[in-house]
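Heads up, the thing below is written out as structure tokens.
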Amino acid sequence: EVGEDSVEDESEAGGALHLLNSVAKIENNYFYRVELGAHAFKSDLTCSGNLFYSCSRRYSGFQRSSSSLPYSAILIRGPGKVQILENVIRRCDIGISISEKSNPALRTN
């Protein structure tokens, strides 16, 4: 039986990329009109050279019922090796959200 925690509730959020206990390299992509561009939870992530545009409540066109995630381009939660480098973030409610003991490296965003 799957235990109920915050990760289970977040599956209702409309996002382009959700990582859970994973390793990923996301480079040179275009995220347009999504609720959440990239979400890394307890994951190792390198996110570079991407364009996040209109990751917001106003521009996404989606209606959420119960998700507590913010509308943001990049959401980092929990420990993990995370590098967020040289991304362009425009018209997003929150550009980069960092929480729950995360310690990412941010440069030239």
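Predicted model only: the values in this text are computed from it and were never measured.
- In the hydrophobic clustering of ILVMFWY residues, with side-chain heavy atoms under 4.5 Å counting as a link, Ile98 and Ile84 come out together.
- Contact of the Leu45 side chain with the Leu19 side chain is registered, since non-hydrogen atoms from C-beta on lie closer than 4.5 Å.
- Across all non-hydrogen atoms, the minimal contact from Asn50 to Glu27 is OD1-C, 3.5 Å.
- Taking each heavy atom of Ala16 and Gly37 in turn, the nearest pair found is CB-O, 3.4 Å.
- In terms of heavy atoms, Ser102 sits closest to Gly78 at OG-O, 2.9 Å.
- Distance check, rounded to the nearest 0.5 Å: CG of Leu51 to OH of Tyr32 gives 10.5 Å.
- Follow the hydrophobic side-chain contacts under 4.5 Å out from Leu17 and you reach Phe52 in the same cluster.
- Cluster membership check: Val88 shares its hydrophobic cluster with Tyr53, using side-chain heavy-atom separations under 4.5 Å among Ile, Leu, Val, Met, Phe, Trp and Tyr.
- With hydrophobic clusters built from ILVMFWY side chains whose heavy atoms lie under 4.5 angstrom apart, Val82 shares a cluster with Leu106.
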Practice item. Test Asp44 against Ser22 for side-chain contact (heavy atoms from CB on, under 4.5 Å), laying out the working first. Key: CA-CA 6 Å; Asp44 294 348; Ser22 301; over 6 Å; no
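- Contact of the Arg77 side chain with the His39 side chain is registered, since non-hydrogen atoms from C-beta on lie closer than 4.5 Å.
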Check your understanding: Passes side-chain contact (heavy atoms from CB on, under 4.5 Å), Ile89 versus Phe31? Steps please.
Key -> CA-CA 10 Å; Ile89 301 169; Phe31 296 87; over 6 Å; no
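- The main-chain N or O of Asn87 is found under 3.5 Å from a side-chain atom of Asn109 such that the two form a donor-acceptor pair.
- With hydrogens and angles disregarded, no donor-acceptor distance shorter than 3.5 Å links the side chain of Ser43 to the backbone of Ala40.
- No side-chain heavy atom of Asn103 sits under 4.5 Å from any side-chain heavy atom of Lys81.
- The shortest distance between side-chain heavy atoms of Glu35 and Cys55 does not fall below 4.5 Å.
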